[in-house]
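Written below as structure tokens is the structure these notes are about.
What you are looking at is a predicted structure, and each value in this text was computed from that prediction instead of being measured. Residue numbers begin at 1 in each chain, while the letters A, B, ... track the order of the sequences.
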Number of protein chains: 2
Amino acid sequence: MAKRESKTKLDSYEAIFSALAHAARRRVLLAIYFNGGSMTAGEIAAMFAHAWQTTTRHLQVLEAAGLLSHERQGRMRIYRIEQKRLKLVNDWLGHFFKKP
Amino acid sequence: MAKRESKTKLDSYEAIFSALAHAARRRVLLAIYFNGGSMTAGEIAAMFAHAWQTTTRHLQVLEAAGLLSHERQGRMRIYRIEQKRLKLVNDWLGHFFKKP
DNA sequence: CTGATATTCAGCTGTTTTGCTGAATATTCA
DNA sequence: TGAATATTCAGCAAAACAGCTGAATATCAG
């Protein structure tokens, strides 16, 4: 494979679309959204059949893409949706629906 | 890795978001769009530094995701954007911006 | 037909992703 | 303090992906 300059932040779209490419991650976002915008890691992990460690990593991917942020509250972590970031993709797609 | 039921078409979102996850593929879509909606494979491949075979595969990914379609015209292939499909993702994202 | 042009197909390799399991860390409760 | 709870970290294996090269296919021009 060709050189890949350290996955620069420059390409936010890459991170965001990749994050959204996985069904589990889309499901996480929808679940959090319909839960009012935030959920604990445990609640999220409970929705899936696979190991919670796997979900943990999905959450990290989503967070790295900027689609989620988290905050500790006691011994649990609350994840929250970052709409701003979703807006970015939404705007990108918008290109294709503008009448030029 | 766990079983994976043959990448069913059921999940169109998977295909579409994965396709959009790669910068080259997003660039292809934008280029075609700003070129009026269609372009030949050659014109598209010419935009990239990498081997045209690589671009061919990107085009196939985009087509498999339903984001492009093609038509032969003589010895060249004309690729065309499928807006309908992009609309699908746009609508998915729309969830997050609706006031409930 | 022959050669040039346009483009895809097939197979190889290195990298990334995804899921798993086995710890580790942090916080609360008794 | 010690046990229970909530969650992440680390490392492994299988699969998927992106790039490459070499060959094949199809069409056009002469």
| field | Within residues 73-80 of chain B, residues whose heavy atoms come under 4.0 Å of DNA chain C | value | B:R75, B:M76, B:R77, B:Y79
| request: Would you please name every residue forming a salt bridge (Lys or Arg N to Asp or Glu O under 4.0 Å) with A:R26, sequence neighbours left out? | output: B:D11
| field | Contacts of B:R80 that satisfy salt bridge (Lys or Arg N to Asp or Glu O under 4.0 Å) - sequence neighbours left out | value | B:E71
Roughly how many Å is it from [atom1] in [X] to [atom2] in [N], rounded to a whole number?
X: A:E43; N: D:dA6; atom1: CD; atom2: C1'; result: 12 Å
X: A:H70; N: C:dA26; atom1: NE2; atom2: C1'; result: 12 Å
X: A:E14; N: C:dT15; atom1: CD; atom2: P; result: 17 Å

| Looking at residues at least two apart in the chain, or sitting in another chain, which of them share a side-chain contact (heavy atoms from CB on, under 4.5 Å) with A:A64? | none
| field | Residue list, side-chain contact (heavy atoms from CB on, under 4.5 Å) with B:E43, at least two apart or on another chain | value | B:N35, B:M39, B:T40
How far does [atom1] of [X] sit from [atom2] of [Y], to the nearest 0.5 angstrom?
X: A:R25; Y: A:L62; atom1: CZ; atom2: CG; value: 6.5 Å
X: A:I44; Y: A:T55; atom1: CD1; atom2: OG1; value: 8.5 Å
X: A:E82; Y: A:I16; atom1: CD; atom2: CD1; value: 11.0 Å

| note | By side chain to side chain donor-acceptor pair (under 3.5 Å), A:E63 pairs with (sequence neighbours left out) A:H70
| field | Strand contacts (DNA chain D) in residues 46-62 of chain A, 4.0 angstrom heavy-atom criterion | value | A:W52, A:Q53, A:T56, A:R57, A:Q60
| said: Go nucleotide by nucleotide along DNA chain C from the 5' end; which of A:R25 and A:R72 gets its closest nucleotide reached first? | reply: A:R25
| note | With sequence neighbours left out, the residues meeting ring pair (Phe, Tyr, Trp, His ring centres under 6.0 Å) with A:H58 are A:H22, A:H50
| message | Using a 4.0 Å heavy-atom cut-off, does B:T40 contact any base of the nucleic acid, only the sugar-phosphate backbone, or nothing at all? | response | sugar-phosphate
| query | Do B:F96 and B:W92 have their ring centres less than 6.0 Å from each other? | reply | yes
| To the nearest 10 degrees, what angle separates the axes at the start and end of the helix from C:dC1-D:dG30 to C:dA30-D:dT1, five pairs each? | 20°
